[in-house]
Amino acid sequence: MPELPEVEVSRLGISPHIEGKLITQVRVHDARLRWPVPETVQRVSGQRLEAVTRRAKYLLLKTAVGTLLLHLGMSGKLRVVPNTTSLKKHDHIEIEFEDGQVLRLNDPRRFGALLFCADDVSSHELLARLGPEPLTEAFTADYLFAASRGRKQAIKTFIMDNHVVVGVGNIYANEALFKAGINPKRQAGQVSRARYQKLVPLIKQTLQDAIAQGGTTLRDFTNVDGSPGYFAQQLMVYGRGGKRCMVCQATLKEIRLGQRSTVYCTRCQR
DNA sequence: AAAGACACCTGTCCGC
DNA sequence: TGCGGACAGGTGTCTT
């Protein structure tokens, strides 16, 4: 479900309801996520939620005693509801606040995660080696060009590598490469500086547009308030294999790169 | 070190 | 209508 825009939309959706509030209880209904939810998550009970931030696709819920790391995996969804709302299938976690509102994590496929970190969260093993945030000034064409030198992997898998840059998932990698006119199979190390100068702003723009549209709704993604995201209407290639290119009318090609479905226009993308 | 395959799950959709 | 198989937004881990 979530790429960076969907995670950010989720963050923006939940934070006004829970930031600054006292956590009264953490209820673990089903600890079977990507890793078993540890007992240490209980340490935030009685703590004030100081901030809800994001690093890559991890949501960070900060308290004075430590930080919860929350990942949505492929199918995780967050909602804030009154504690009288009945539980649904695959509701794994509830974090209850002083005003009776509850943050619920629902995750059918269980690739999501909830962990607790008592120390500096940025040096947590899951976060320490991540690349820059795509929407910050640290992510530049010069950086990406330099990082790509000598790399033989396809540019699509390269920009989806979290050690290179975080938050570019399968949808937006397909979309950004289409807009930049770059063939996703092209070796990262043989893409010119000029083309990275085109690509990097398009990655940023694609992600920002998707956030502004409330994310991409495919299948079942909805935002925290239950509304869908509208970015799906703007997808140029993702999910459109075999259909016409919206620019040149050629038939879009669908292949697999790194076991991920990859759609591109053989005429527009070289 | 880098690149690729695999694993972890459930739900949905498609073809027969 | 049922059944098998393929596929789905991610990413840590293992194997080449």
Side-chain angles (χ1 to χ4, degrees), chain A residues 1-11 29-37 54-59 69-78 88-93 105-115 124-131 134 146-176 184-190 203 206-207 210-211 213-223 228-235 237-242 254-263:
Chain A
M1 185 249 304
E3 293 196 29
L4 186 143
E6 290 73 39
V7 177
E8 183 64 13
V9 165
S10 297
R11 187 185 75 79
H29 299 290
D30 186 349
R32 299 174 306 159
L33 289 175
R34 175 155 200 188
W35 299 282
V37 176
R54 180 185 58 72
R55 172 72 174 109
K57 295 171 192 161
Y58 290 91
L59 288 174
L69 286 77
L70 195 161
H71 198 290
L72 297 175
M74 289 276 258
S75 58
K77 274 177 288 192
L78 291 173
K88 290 196 294 190
K89 193 176 182 183
H90 304 305
D91 277 345
H92 284 254
I93 309 284
L105 171 64
N106 182 284
D107 187 2
R109 291 178 72 181
R110 299 198 266 121
F111 293 159
L114 182 69
L115 300 169
H124 189 280
E125 57 181 5
L126 291 173
L127 306 185
R129 287 178 295 278
L130 293 175
S148 71
R149 292 309 88 181
R151 301 291 293 266
K152 294 190 172 173
Q153 73 181 141
I155 183 146
K156 177 166 178 261
T157 50
F158 175 69
I159 62 173
M160 289 178 69
D161 181 345
N162 280 339
H163 302 292
V164 174
V165 57
V166 302
V168 184
N170 199 34
I171 297 176
Y172 302 112
N174 277 300
E175 294 301 306
K185 285 191 297 188
R186 186 168 287 280
Q187 288 184 13
Q190 63 146 103
I203 291 173
T206 304
L207 295 174
I211 293 169
Q213 299 282 316
T216 298
T217 290
L218 302 168
R219 302 177 184 78
D220 55 357
F221 175 78
T222 56
N223 296 317
Y230 294 99
F231 194 77
Q233 298 164 12
Q234 296 179 28
L235 296 177
V237 287
Y238 182 85
R240 299 193 65 247
E254 178 155 9
I255 61 170
R256 296 194 76 80
L257 276 180
Q259 285 97 265
R260 314 298 292 217
S261 109
T262 302
V263 184

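What you see is a predicted model; the values in this text were computed from it and never measured. Below, chains carry the letters A, B, ... as their sequence lines are ordered, and counting in each starts from 1.
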Polar atom pairs between nucleotides 11-13 of chain C and protein, under 3.5 Å, N or O only, would you list them?
from: C/dT11; atom 1: OP1; to: A/His71; atom 2: NE2; distance (Å): 2.6
from: C/dT11; atom 1: OP2; to: A/Lys57; atom 2: NZ; distance (Å): 3.0
from: C/dT11; atom 1: OP2; to: A/Asn162; atom 2: ND2; distance (Å): 3.4
from: C/dT11; atom 1: O4'; to: A/Arg34; atom 2: NH1; distance (Å): 3.2
from: C/dT11; atom 1: O2; to: A/Arg34; atom 2: NH2; distance (Å): 3.1
from: C/dG12; atom 1: OP1; to: A/Tyr58; atom 2: OH; distance (Å): 2.9
from: C/dG12; atom 1: O4'; to: A/Arg34; atom 2: NH2; distance (Å): 2.8

**Chi angles and distances behind the side-chain contact (heavy atoms from CB on, under 4.5 Å) call for A/Arg55, A/Val166** = CA-CA 9 Å; A/Arg55 172 72 174 109; A/Val166 302; 3.8 Å; yes
**Request:** Evaluate the criterion side-chain contact (heavy atoms from CB on, under 4.5 Å) for residue pair A/Leu72 and A/Lys57; output intermediate values, then yes/no.
**Result:** CA-CA 8 Å; A/Leu72 297 175; A/Lys57 295 171 192 161; over 6 Å; no
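Within the 4.0 Å cut-off from OP1 or OP2 of B/dC9, not a single side-chain nitrogen or oxygen of A/His90 is found. Applying the 4.0 Å criterion to OP1 and OP2 of C/dA8, one finds that A/Ser261 has a side-chain N or O inside that range. Dashed line: the shortest gap from a side-chain N or O of A/Lys89 to OP1 or OP2 of B/dG11 is under 4.0 Å.
Annotation: the span from A/Asn106 atom CG to A/Asp91 atom CG amounts to 4.5 Å, rounded to 0.5 Å. Rounding to the nearest 0.5 Å places CD of A/Gln213 at 4.0 Å from CD of A/Gln234.
The distance between atom CD of A/Gln259 and atom C1' of B/dC8, rounded to the nearest whole Å, is 14 Å. Counting to the nearest Å, the C1' atom of C/dA8 and the CD atom of A/Glu254 are 12 Å from each other. Following rounding to the nearest Å, A/Asp107 (CG) and C/dA8 (C1') show an atom-to-atom distance of 13 Å. Atom C1' of nucleotide B/dG4 and atom CD of A/Gln187 are separated by 14 Å, given to the nearest angstrom.
With a 4.5 Å cut-off on side-chain heavy atoms, A/Thr157 and A/Arg260 do not count as touching.
Each of A/Arg109 and A/Phe158 has a nearest nucleotide on DNA chain B; the 5'-most of these lies closest to A/Phe158.
Nearest to the side-chain atoms of A/Phe111 among the listed nucleotides C/dG10, C/dG9, B/dT10 stands C/dG10. With B/dG11, C/dA8, B/dC9 as the choices, the nucleotide that has an atom nearest any side-chain atom of A/Arg110 turns out to be B/dC9.
Among the heavy atoms of the strands, none lies under 4.0 Å from A/Gly258.
The stretch residues 149-156 of chain A touches DNA chain B through A/Arg151, A/Lys152, A/Gln153, each having a heavy atom within less than 4.0 Å of the strand.
Annotated stems with DNA chain B as a participant read B:2-8 with C:10-16, B:10-16 with C:2-8, given as range with range, by first number; only runs of 3 or more Watson-Crick or G-U pairs under 3.5 Å qualify.
Separation of the P atoms belonging to B/dC6 and C/dA6 is 14 Å when rounded to the nearest angstrom.
Of the candidates A/Thr262, A/Asn174, A/Val263, A/Asn174 is the only one forming a side-chain contact (heavy atoms from CB on, under 4.5 Å) with A/Tyr238.
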